[in-house]
4 protein chains.
Amino acid sequence: MPAIQERAQARYQQILDAALSVFTRRGYREALVDDIAAEAETSKGGVYFHFPGKQAIFLALLDRSAGLLMDRVREAVAAEVDPVAKADAALLAVLRLFSSHRSLARLFLVEAMGAGPELHARLAALHAEFSAFIRRNLDDAVQQGAIAPIDTELASLVWFGALNQLVTRWVIADDPRPLEARYPALRTLLLRTVGLEVTP
Amino acid sequence: MPAIQERAQARYQQILDAALSVFTRRGYREALVDDIAAEAETSKGGVYFHFPGKQAIFLALLDRSAGLLMDRVREAVAAEVDPVAKADAALLAVLRLFSSHRSLARLFLVEAMGAGPELHARLAALHAEFSAFIRRNLDDAVQQGAIAPIDTELASLVWFGALNQLVTRWVIADDPRPLEARYPALRTLLLRTVGLEVTP
Amino acid sequence: MPAIQERAQARYQQILDAALSVFTRRGYREALVDDIAAEAETSKGGVYFHFPGKQAIFLALLDRSAGLLMDRVREAVAAEVDPVAKADAALLAVLRLFSSHRSLARLFLVEAMGAGPELHARLAALHAEFSAFIRRNLDDAVQQGAIAPIDTELASLVWFGALNQLVTRWVIADDPRPLEARYPALRTLLLRTVGLEVTP
Amino acid sequence: MPAIQERAQARYQQILDAALSVFTRRGYREALVDDIAAEAETSKGGVYFHFPGKQAIFLALLDRSAGLLMDRVREAVAAEVDPVAKADAALLAVLRLFSSHRSLARLFLVEAMGAGPELHARLAALHAEFSAFIRRNLDDAVQQGAIAPIDTELASLVWFGALNQLVTRWVIADDPRPLEARYPALRTLLLRTVGLEVTP
DNA sequence: GATGAATGAGCATTCATTCAT
DNA sequence: AATGAATGAATGCTCATTCAT
């Protein structure tokens with residue numbers, strides 16, 4: 001019965017959609033499983049059929065979102081050849097996705113912290129994955145002589161931290177401007193950290 | 001009766017000390033008011049005599065810690081004349097304090113997120129305050145011609161984000177190395193964002 | 001699934017039964033939700049599934065009891081034609097019900113006062129409803145010329161007050177005599193207030 | 001040191017005044033000893049120096065007020081010779097006092113019920129005392145042949161209940177009209193219960 | 001006499017999770 | 001798959017009362 005499995009899949013996604021909305025609106029702590037069930041138009045028992053618990057919902061949501069994010073990043077990166085341009089494209093892809101999905105940004109940067117220590121590990125892994133991605137490209141750039149040898153681990157940390165901060169402030173301040181509007185200027189500053197000078 | 005008021009003051013600080021310990025050990029949610037009372041060697045009612053509620057304790061703790069942090073920063077900054085050196089000193093002061101008080105860092109950067117949306121506002125204000133401080137110094141540097149005109153708001157955001165990220169990773173990864181050890185390298189990268197080249 | 005809803009209905013009534021018992025035995029303040037749950041053979045959470053809070057239980061109980069009371073009154077009144085006889089029957093019906101359900105009387109007249117100001121309003125409404133009922137009948141009697149024109153609002157207040165006092169004293173003094181035994185004499189006095197002379 | 005004792009007396013009365021205000025405003029349950037202390041411009045400890053507990057405050061207040069009430073009644077009654085006129089004067093005196101001290105009325109008729117079973121006994125005694133006073137006068141009137149022999153215990157209960165109800169409704173409905181305005185009409189109805197016909 | 005800090009038993013309420021149907 | 005009733009451990013908060021100073 002693929003029809004049934006399809007329905008189950010649909011319900012699973014429905015619940016994640018509802019969870020994104022509820023977690024974003026009320027925060028992890030204040031989000032009730034009842035709220036998620038109601039918004040997913042199912043029952044509490046229904047939610048527990050698909051997920052073992054509240055934290056698991058958050059985790060699944062984080063993973064689904066991270067997958068989406070990395071897909072976008074990989075796509076953007078594939079269009080570039082130059083390592084620095086790749087890293088550059090990755091950052092822009094992140095900004096673009098978050099810009100059009102503010103709730104996703106809130107989920108990643110704000111609510112994830114309130115979901116308990118268990119989540120920190122997973123979140124740290126995601127951060128590390130993205131950081132490592134940037135670092136790899138910077139390493140390539142060094143190797144190719146495009147940039148001078150530097151501590152790429154630290155540089156990727158700076159890039160990631162700056163990106164993080166930009167998005168976080170945009171989320172918390174509820175800034176109505178499109179997030180990527182500030183990217184050219186940010187790009188100029190970040191490239192300088194690796195010794196490249198460009199004009200915005 | 002200053003003796004009585006002194007005792008009350010002492011108890012107030014005792015409770016905050018206990019709260020710092022408990023919040024950083026168990027996280028905001030898992031921290032019980034009972035735990036705080038026990039560690040402060042008083043009763044639950046005693047805690048509630050001094051504070052209106054759990055969140056207020058966290059808030060007071062955050063404020064006390066922020067005051068301590070800013071004192072250190074101001075002190076370090078006062079020893080410098082050059083605006084860039086001032087901003088530089090501020091960052092180093094932060095790293096030094098957090099390096100010797102990891103629990104404080106955890107409080108500011110991790111637990112604060114789990115303490116509910118009301119805390120986010122206060123935290124954002126603290127971040128903004130520190131960011132603005134850096135920005136002011138960069139503005140001065142521009143004015144004095146020490147650095148070329150740039151978007152100082154963005155630059156301060158980058159500096160703050162990088163600092164934030166460095167400390168956060170150090171906290172979450174439980175990195176045993178002293179935090180300030182990485183500062184010279186970070187400093188080099190950050191100064192490049194404003195067009196200054198120094199060797200670590 | 002009417003079976004489920006039936007079970008829920010039954011549990012709801014079970015809780016109200018338990019609440020009547022506990023409230024009359026311990027008073028509103030001293031009554032614990034735990035006691036009610038235990039006596040209803042359910043859990044505290046079960047009680048809170050059916051009611052939003054302790055006061056709501058009391059309110060629902062008051063309403064259910066008032067409904068029962070008014071049903072008895074209406075039934076007794078329907079058997080009479082003469083307006084004065086109707087009012088008369090109403091009072092007797094009240095006495096009879098309370099006489100056989102002392103706990104109900106205690107609930108209405110004593111405990112209701114301890115359940116907070118919100119309850120006073122509801123209670124006042126119930127009193128007003130019953131008073132108005134008596135008054136309507138006295139008005140009819142005046143219209144039909146059965147009794148001389150009088151201030152029926154005041155008369156109904158006197159009747160109600162006397163009835164109230166009789167029951168209250170019976171409840172508080174824990175008088176073992178059946179309550180309605182005193183009704184013939186009371187009836188004689190009350191009818192005199194509207195100018196009718198009967199022998200007990 | 002009579003000066004000291006005077007000061008203590010004054011403080012004692014101050015606390016009772018504050019208690020009247022607080023109990024009336026918030027009800028017995030919601031009234032905090034802290035509130036009473038604050039309104040009496042003393043400290044919680046100060047209150048406990050003068051009274052053994054919250055309930056004792058209420059009791060003392062009830063007694064002080066009852067004394068005041070009975071003084072007024074006795075005074076009014078002393079001016080009359082005829083037993084029925086005496087009872088009549090007693091009722092009017094009650095109405096007059098309550099009319100000018102609504103908070104006292106609320107204390108006696110509404111809040112007293114919420115102060116727990118221990119208070120019911122004392123309150124019942126006060127009620128009984130006043131009822132008995134009316135009854136004694138009615139008995140005298142029977143003895144003197146002024147009224148026909150009747151169940152004076154029941155009649156006094158009716159009188160008391162009617163009075164009670166009139167005041168209670170006035171208190172709860174927050175009726176702005178002077179309470180005693182309705183007395184002539186009430187008097188007419190009550191006198192009818194003992195076979196006397198007067199015009200308001 | 002008075003203060004205010006401290007106590008601690010008490011309790012309503014919440015909510016993630018379970019499970020009979 | 002889904003429902004919704006039920007569970008019960010967990011916990012923040014209240015407040016009358018005590019007591020050292």
Whole-Å distance between dT11(F) P and Asp35(B) CG? 9 Å

In whole angstrom, give the distance that lies between atom CD of Glu41(C) and atom P of dA6(F). 13 Å

What's the closest nucleotide to the side chain of Thr42(C) if the choices are dG1(E), dA1(F), dA6(F)? dA6(F)

Partners meeting side-chain hydrogen bond (donor to acceptor under 3.5 Å, both in side chains) with Ser103(D) (sequence neighbours left out): none

Is any side-chain nitrogen or oxygen of Arg11(D) closer than 4.0 Å to OP1 or OP2 of dA2(E)? yes

Atom-to-atom span, NE2 of His50(B) to C1' of dA6(E) - whole angstrom: 8 Å

Ignoring hydrogens and angles, write down the donor-acceptor pairs under 3.5 Å from the side chains of residues 56-63 of chain B, residues two or more places apart or on other chains.
from     : atom 1 : to        : atom 2 : distance (Å)
Asp63(B) : OD1    : Arg122(B) : NH1    : 3.3
Asp63(B) : OD2    : Arg122(B) : NH1    : 2.6

Nearest-Å distance for atom pair OH/P, residues Tyr12(C) and dA6(F): 13 Å

Which dot-bracket string fits DNA chain F when only Watson-Crick or G-U wobble pairs with both atom distances under 3.5 Å count, crossing pairs get [ ], and | stands for a partner on a different strand? .||||||||||||||||||||

Any side-chain heavy atom of His127(A) within less than 4.5 Å of one from Phe108(A)? no

Lys/Arg-Asp/Glu bridge criterion (N-O < 4.0 Å) met for Asp174(D), Arg106(D): no

Protein proximity profile, nucleotides 8-13 of chain E - base contact B, sugar-phosphate-only contact S, no contact -, cut-off 4.0 Å on heavy atoms: B-BSBB

Which residue pairs pass the ring-ring contact (aromatic ring centres under 6.0 Å, His included) test when at least one of the two sits in residues 33-57 of chain A, sequence neighbours left out? Tyr12(A)-Phe51(A)

Quick one: side-chain contact (heavy atoms from CB on, under 4.5 Å) partners of Arg29(D), sequence neighbours excluded? Tyr28(C), Arg29(C)

Scan for salt bridge (Lys or Arg N to Asp or Glu O under 4.0 Å) pairs involving residues 41-53 of chain C, sequence neighbours excluded, and state none if there are none. Asp34(C)-Lys44(C)

Please report, rounded to the nearest Å, how far the P atom of dG1(E) is from the CD atom of Gln13(D). 14 Å

With sequence neighbours left out, write down each residue that passes side-chain contact (heavy atoms from CB on, under 4.5 Å) with Glu30(C), or none if nothing qualifies. Arg26(C)

Between dA6(F) atom C1' and Ile15(C) atom CD1, what is the distance in whole Å? 10 Å

Rounded distance in Å - CZ (Phe51(D)) to P (dC15(F)): 21 Å

Rounded distance (Å) that lies between atom C1' of dC19(E) and atom CZ of Phe49(A): 14 Å

Contacts of Glu39(B) that satisfy side-chain contact (heavy atoms from CB on, under 4.5 Å) - sequence neighbours left out: Ala18(B), Ser21(B), Val22(B), Arg25(B)

